[in-house]
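Below: the structure, in structure tokens.
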Amino acid sequence: GPANSQEAAAILAQSGVDGRKAETEYREFWDSVASRTKWCTPCPIQVSIPDKEEVVSVACGSDHTLALTERGLVYAWGLGSFGNLGNGGTDDAETPREISYLSDKPCKGIAA
């Protein structure tokens, strides 16, 4: 994703969107997310997965992320709206949490 509002505006402008309007909307969106979560960021950050796990794939949604481990376990974190995190609720998760429903069903691929 874009590193900042100016980069987002430039990307959208290439698609014919008004760059100034896009930059304002992007900034307003992330300001609203940050005010709700106090931890959400549009930039990549390092997260920790349990030591015994090795991540083989990562899928990024617009407001959540999934990680697939070598053993087929799936971890999710981010905004939980619409059940994005697969935990049966809509709570947000600041750090990766295993999707327990899939614990006994090893996965081979993920998409967010």
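Note that this is a predicted model, so its numbers are computed, not measured. The figures that follow rest on heavy atoms only: side chains count, while hydrogens, waters and symmetry mates do not.
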- Item | Within residues 73-84 or reaching into it, pairs that qualify as salt bridge (Lys or Arg N to Asp or Glu O under 4.0 Å) - sequence neighbours excluded | none
- Spacing of Leu66 atom CG and Ser57 atom OG [to the nearest 0.5 Å]: 9.0 Å
- Establish whether Val56 and Leu73 are linked, either directly or via other cluster members, by ILVMFWY side-chain heavy-atom contacts under 4.5 Å. no
- Among pairs that include at least one residue of residues 47-58, which meet salt bridge (Lys or Arg N to Asp or Glu O under 4.0 Å), considering only residues two or more places apart or in two chains? Glu53-Arg71
- Item | Taking every non-hydrogen atom, the tightest pair across Gly83 and Thr90 | N-CG2, 4.1 Å
Would you list the atom pairs, donor with acceptor, under 3.5 Å between side chains in residues 99-112 and any protein atom, with sequence neighbours excluded?
{"unit_1": "Ser103", "atom_1": "OG", "unit_2": "Glu98", "atom_2": "OE2", "d": "2.5"}
{"unit_1": "Ser103", "atom_1": "OG", "unit_2": "Ser100", "atom_2": "O", "d": "3.1"}
{"unit_1": "Lys105", "atom_1": "NZ", "unit_2": "Tyr101", "atom_2": "O", "d": "3.0"}

- Item | Distance in Å, Asp63 CG paired with Asp92 CG, rounded so as to fall on 0.5 Å steps | 8.5 Å
- Note on the structure: So CD1 of Ile49 and OH of Tyr75: to nearest 0.5 Å the spacing works out to 6.5 Å
- Note on the structure: Shortest non-hydrogen pair, Asn87 vs Asp91, comes out as ND2-O, 4.1 Å
- Any chance you could measure Arg97, atom CZ, to Thr95, atom OG1, to the nearest 0.5 Å? 5.5 Å
- Query: Considering all heavy atoms of both residues, which atom of His64 and which atom of Leu85 are nearest to each other, and what is their separation?
  - Reply: CB-CD2, 3.8 Å
